[in-house]
Amino acid sequence: MKATVHVFLKPGVLDVQGKAVESALHGLGWDGVKDVRVGKTLTFDLAATDKAAAETEVKAMCEKLLANTVIESYRVEVA
């Protein structure tokens, strides 16, 4: 089973990397771009065969390691 985890800073948390990207885009002429947020995507394979169990396992991974839940939110996709 393939798992994909998307991790982003929560709204209200300063996204320095997003601001840098936004500034660079403005410098290249894309002045209409605003509120850029940068996140990360992790993909990996799981040995699990039950989708619900796999989602539960990946959410546990997020809570313990993959996301800093104080400042980040995450979304899990298992297929």
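Below, each value reflects all heavy atoms present in this structure, side chains not excepted, and no hydrogens, waters or symmetry copies.
Judged purely by atom type and a 3.5 angstrom limit, His6 has no side-chain atom pairing as donor or acceptor with the backbone of Val76. At distances below 3.5 Å, at least one donor-acceptor pair connects side-chain atoms of Thr56 with backbone N or O atoms of Ala52.
Residue pairs meeting the salt bridge (Lys or Arg N to Asp or Glu O under 4.0 Å) criterion with at least one member in residues 22-40: none, sequence neighbours excluded. Counting only residues at least two apart or in different chains, salt bridge (Lys or Arg N to Asp or Glu O under 4.0 Å) contacts with residues 1-15 comprise Lys2-Asp45.
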Return a table of donor-acceptor pairs under 3.5 angstrom between the side chains of residues 59-73 and protein atoms on other chains or two or more places apart.
from: Glu63; atom 1: OE2; to: Tyr74; atom 2: OH; distance (Å): 2.6
from: Asn68; atom 1: OD1; to: Val70; atom 2: N; distance (Å): 3.2
from: Glu72; atom 1: OE1; to: Asn68; atom 2: N; distance (Å): 2.7

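Here CG of Leu46 is found 12.5 Å from NZ of Lys51. Values are rounded to the nearest 0.5 Å.
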Exercise. Decide side chain to side chain contact (heavy atoms under 4.5 Å, CB included) for Phe44 and Thr4; before the verdict, give the C-alpha distance in whole Å, the side-chain angles of both, and the deciding distance to 0.1 Å.
Key: CA-CA 7 Å; Phe44 46 91; Thr4 303; over 6 Å; no

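Hydrophobic clustering (side-chain heavy atoms under 4.5 Å, transitive across Ile, Leu, Val, Met, Phe, Trp, Tyr) groups Val78 together with Val7. Residues Val13 and Val36 do not share a hydrophobic cluster, defined by chaining ILVMFWY side chains whose heavy atoms lie under 4.5 Å apart. Val33 and Val21 fall within the same hydrophobic cluster, defined by Ile, Leu, Val, Met, Phe, Trp and Tyr side-chain heavy atoms under 4.5 Å apart, directly or through other members.
For Ala48 against Glu57, the heavy-atom pair with the smallest separation is CB-OE1, 4.3 Å.
Under a cut-off of 6.0 angstrom, the local environment of CD in Gln17 is sparse, with at most 12 non-hydrogen atoms contributed by other residues, nucleotides or ligands.
By the 4.5 Å heavy-atom criterion applied to side chains, Val58 and Val5 are counted as neighbours.
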